[in-house]
Amino acid sequence: MKKKILSAACVAAMGLVLAMPAAANKGNDISDVSEWGDSIQEYAEPVAEEDAAIEESLEPVAAGEEIVLPQTEIDMAKAFYLDAGYGEKEAEEAALQYVKEINVLYQEAIANGYDVTDQEIRDYLEELKQQYETAENKEEIQAFMDQFDSEEAYWDFQFEIYKKDLPIQKYNEAREREYVEEQNTDGNPDEILEIQNEWADEFEEEKAEAVENYEFTVE
Amino acid sequence: MKTKLKKAVLYLLCLSFVLSFAGGMNAEAATKRKEATKSFFFTTPRGQTAAVNVFATITETYTKGTTKNKFTKRDCFLAYSAAYSGSKPKVTRTAGVHRSIKTGEVKKNFKKWTKGTYLWDVAKYPYGSGSYNSTSVSYKKSTDRKSGFSYSVYCADSLIPTQTGSVYVSLKTK
């Protein structure tokens, strides 16, 4: 019976995922990715040249201190949501929430010991370069990358972005592993896909809750 | 002595009969297998990418016949790794089916699936899952059918949030 329910839930979830438009999707295609890549250019250079507020936001905050939300990050995210088809106000709200979540995740990652060295970022980007070559949606990545002055400019930008993102990725990976181990109590490996998808929902909830525990300042 | 010899001859005759009968049936079990590794990237609101690497396999077990093959088991397995910061990508897969290679039309759905046990490179793909079905179906050796399944990778907060992939193996043996 449990198997039947799980199978039915799986089929329903699959149908839902295929039918459901994403929060950010209004039937976008590769031309929208190009457009957004173009929109981001005015921020790409300052980011690659170590934007002061972004640099400050990389510093760990002490208890009771405000988390710095870099205006550049908010503007970039707003450009993303606008290109995704959001209205001005919705794009602004979504961008602010997104940047809050990313910066809270970063602070929690650092507080839990998931910091990274420049060499680790460089190694990760080298892996990405290779993976892009064989990606199924290579054209999409290329459309975004093509908006940069050069491939080098794209990777310089990514280097700065991943100073924040790589610790978050490591932190997320550890939390996900912990969640799966806790939930997969009967050791059945085949329930893992379902559990991981449950984690995706749990992750969204925890992220939103964590934001409530901090104060922010936009710089 | 004569009796012993008779018995031995009889035994050898029986054995050769059984062996030749088995040969005539050509009841040799074999498998057809396909594995596919695919990477998907999602550009997200600060210009970074969420990465998903999917490893999928389909294995069909069959018994060779003279003109037809009897497919007795199909085993679908999928594992993936995901690197993400803001949004966790979701991977979901459909149940295995048999399709026409020419038209892509589903020719056979299978209802009863049993969760399986698998060995894979967990360092590369931390989590995976699979299941198998043991319904028997027979097709001509020159069949147009293929066996496999499709999957989707979904990442919220991406301009193109859904990507799809699949793994199929041809059931043709001639």
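The chains referred to below are lettered A, B, ... by the order of the sequence lines, with proteins before strands, and numbering in each begins at 1.
- Electrostatic pairing of A:Lys170 and A:Glu173 does not count as a salt bridge here, judged by no charged N lying under 4.0 Å from a carboxylate O.
- No side-chain heavy atom of B:Phe41 sits under 4.5 Å from any side-chain heavy atom of A:Glu140.
- With respect to chain A, the highest number of heavy-atom pairs below 4.5 Å among B:Ser85, B:Gly165, B:Ala83 belongs to B:Ser85.
- With a 6.0 Å radius and a threshold of 12 heavy atoms from other residues, nucleotides or ligands, A:Glu55 has its CD atom above the threshold.
- Taking chain A as the reference chain and counting heavy-atom pairs below 4.5 Å, the highest number among B:Leu78, B:Val91, B:Thr49 is found for B:Thr49.
- The number of heavy-atom neighbours closer than 6.0 Å to CD of A:Glu139, taken from other residues, nucleotides and ligands shown, is 12 or below.
- Interface residue B:Gln163: only side-chain heavy atoms are found under 4.5 Å from chain A.
- Proximity to chain B (any heavy atom under 4.5 Å) is shown, for A:Tyr171, by neither the backbone nor the side chain.
- Using a 4.5 Å cut-off between heavy atoms, A:Ile102 contacts chain B through its side chain alone, with no backbone atom that close.
- Comparing B:Ala50, B:Ser87, B:Ala51, B:Pro89 by how many heavy-atom pairs each has under 4.5 Å with chain A, the most go to B:Ser87.
- Residue contact with chain B, scored on non-hydrogen atoms closer than 4.5 Å, involves the side chain of A:Gln158 exclusively.
- A:Ile30 touches chain B through backbone and side chain together, each having a heavy atom under 4.5 Å away.
- Side chains of B:Arg93 and B:Ser131 form a contact here, defined as non-hydrogen atoms less than 4.5 Å apart.
- Note: B:Lys88 NZ to A:Glu176 CD = 3.5 Å, rounded to the nearest 0.5 Å.
- Contact of A:Tyr106 with chain B is not made at all, since no heavy-atom distance falls under 4.5 Å.
- We find that B:Arg46 and A:Glu73 are joined by a salt bridge, their nearest charged nitrogen and carboxylate oxygen being less than 4.0 Å apart.
- Ring geometry for A:Phe157 versus A:Phe148: interplanar angle of 30 to 60°, hence tilted.
- Only the side chain of B:Tyr80 comes within less than 4.5 Å of a heavy atom of chain A; its backbone N, CA, C and O stay farther away.
- With chain B as partner, the option from A:Trp199, A:Phe144, A:Tyr132 having the largest number of non-hydrogen pairs under 4.5 angstrom is A:Tyr132.
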